[in-house]
Amino acid sequence: MPTIRPLHADDLDALYRISLATGLAGQDASQLYADPRLMGHIYSAHYAVLEPRLALVVEDPDGVAGFAVGTADTIEWEDRLETLWWPALRKQYAFPVEEDPARWSHDQQRIVMIHHPTAALASVAANFPAHLHLNLLPRLRGRGLGKKLFDQWLTTLDGQRAAATHVAVNGANSGALRFWEKMGFRGLPLGEPAGRTIWMGRS
């Protein structure tokens with residue numbers, strides 16, 4: 001039976017692998033990227049390094065196959081990343097020379113996100129200050145582990161005295177949208193045209 005436990009320092013590579021294996025609207029994105037670590041750089045590894053108190057993993061006999069990571073204060077978190085995470089990566093990954101975004105490779109699209117991270121909308125971060133990312137490999141899905149992982153993450157979050165929580169979901173990931181609705185999240189009225197990202201909040 002899979003177990004949920006706090007993240008260990010040697011789980012970092014597993015977070016990189018899972019981020020890539022779920023990076024195409026919940027499906028495997030490994031065929032799209034020459035650099036397999038880009039997805040993890042953007043979506044998971046920084047939480048493991050800078051906010052390990054709010055990092056949980058799911059482990060089965062074949063290894064770590066899921067995680068939940070996040071932070072209690074999104075605004076403060078984004079400030080920390082500008083100081084402690086993005087600068088080193090910007091030195092490692094040069095901004096694409098190609099000026100036409102339509103010609104960027106998948107790697108280049110992610111590198112642009114390192115140089116210009118997508119910030120949480122001000123209204124979302126103010127009213128739903130905590131946020132998280134939760135990913136499971138296919139072998140763990142459909143077994144109730146997502147809910148157990150989320151519930152345990154919330155229990156850990158309560159120790160940080162956080163208020164409401166939000167998630168940012170790829171609109172093409174219908175499975176994730178259904179999951180977060182079951183967890184009590186609702187789409188947030190933003191008063192602006194909807195893009196690829198669906199912002200959802202839970203009070």
Gap between atom [atom2] of [Y] and atom [atom1] of [X] - 0.5 Å precision:
X: M113; Y: T118; atom1: CE; atom2: OG1; answer: 4.5 Å
X: H133; Y: I42; atom1: NE2; atom2: CD1; answer: 10.5 Å
X: L7; Y: R53; atom1: CG; atom2: CZ; answer: 13.5 Å
X: T71; Y: H131; atom1: OG1; atom2: NE2; answer: 6.0 Å

Of all the heavy-atom pairs spanning [X] and [Y], show the shortest one and how long it is.
X: I198; Y: G171; result: CG1-CA, 3.7 Å
X: P52; Y: A48; result: CB-O, 3.5 Å
X: H106; Y: Y33; result: O-CE2, 3.4 Å
X: G23; Y: A29; result: C-CB, 3.7 Å
X: E82; Y: W86; result: OE2-CD1, 3.5 Å

[X] side chain near [Y] side chain, heavy-atom distance below 4.5 Å:
X: D11; Y: E59; value: no
X: L188; Y: F128; value: yes
X: L24; Y: Q31; value: yes
X: P101; Y: W104; value: yes
X: L140; Y: P2; value: yes
X: Y43; Y: R110; value: yes

Pairs satisfying salt bridge (Lys or Arg N to Asp or Glu O under 4.0 Å), at least one member in residues 29-42, at least two apart: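 As it turns out, the salt bridge (Lys or Arg N to Asp or Glu O under 4.0 Å) pairs with a partner in residues 29-42, which skip direct neighbours, are D13-R37.
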Non-neighbouring partners of R178 that pass salt bridge (Lys or Arg N to Asp or Glu O under 4.0 Å), sequence neighbours left out: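 Residues passing salt bridge (Lys or Arg N to Asp or Glu O under 4.0 Å) with R178: none at all.
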Partner set under salt bridge (Lys or Arg N to Asp or Glu O under 4.0 Å) for R186, not counting sequence neighbours: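 Expected list: none.
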Criterion side-chain contact (heavy atoms from CB on, under 4.5 Å) against F95, the qualifying member of I114, V112, I111: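 Exactly one option meets the side-chain contact (heavy atoms from CB on, under 4.5 Å) with F95, and it is V112.
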ILVMFWY cluster membership beyond V97 - transitive side-chain contacts under 4.5 angstrom: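 Members besides V97: none; it forms no cluster.
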Donor-acceptor contacts under 3.5 Å from residues 144-154 side chains, at least two apart:
from: K147; atom 1: NZ; to: D151; atom 2: OD2; distance (Å): 2.7
from: W153; atom 1: NE1; to: L54; atom 2: O; distance (Å): 3.0

Would you say [X] and [Y] are hydrophobically clustered, going by side-chain heavy atoms of ILVMFWY under 4.5 Å?
X: V49; Y: Y47; result: yes
X: V169; Y: L134; result: yes
X: L15; Y: L132; result: no
X: L56; Y: L136; result: yes
X: V69; Y: L157; result: no

Look only at the side chain of [X] and the backbone of [Y], and say whether a donor-acceptor pair between them is shorter than 3.5 Å.
X: R202; Y: M183; answer: yes
X: T74; Y: P129; answer: yes
X: H46; Y: W85; answer: no

Audit row: L81, L50, side-chain contact (heavy atoms from CB on, under 4.5 Å) steps and yes/no: CA-CA 9 Å; L81 294 183; L50 301 176; 3.8 Å; yes
Carboxylate-amine/guanidinium contact E78 R80, below 4.0 Å: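 Between R80 and E78 there is no salt bridge, as every charged N stays at least 4.0 Å from the carboxylate O atoms.
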Pair D60 + R143: basic N to acidic O under 4.0 Å: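 No salt bridge links D60 with R143.
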Short side-chain donor-acceptor distance under 3.5 Å, D107 and S105: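 Note: S105 and D107 side chains miss the donor-acceptor criterion.
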With sequence neighbours excluded, residues passing side chain to side chain contact (heavy atoms under 4.5 Å, CB included) with T22: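 For T22 the side chain to side chain contact (heavy atoms under 4.5 Å, CB included) partners, ignoring immediate neighbours, are I18, N135, L137, R141.
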Test log, rule side-chain contact (heavy atoms from CB on, under 4.5 Å), inputs L177 and M200: CA-CA 9 Å; L177 291 170; M200 305 178 74; 3.9 Å; yes
Near-ring test Y16/H41, centroid separation under 6.0 angstrom: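 Yes: the rings meet the under 6.0 Å criterion.
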Q92 atom CD: more than 12 heavy-atom contacts under 6.0 Å: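 Enclosed: over 12 neighbouring heavy atoms sit under 6.0 Å from CD of Q92.
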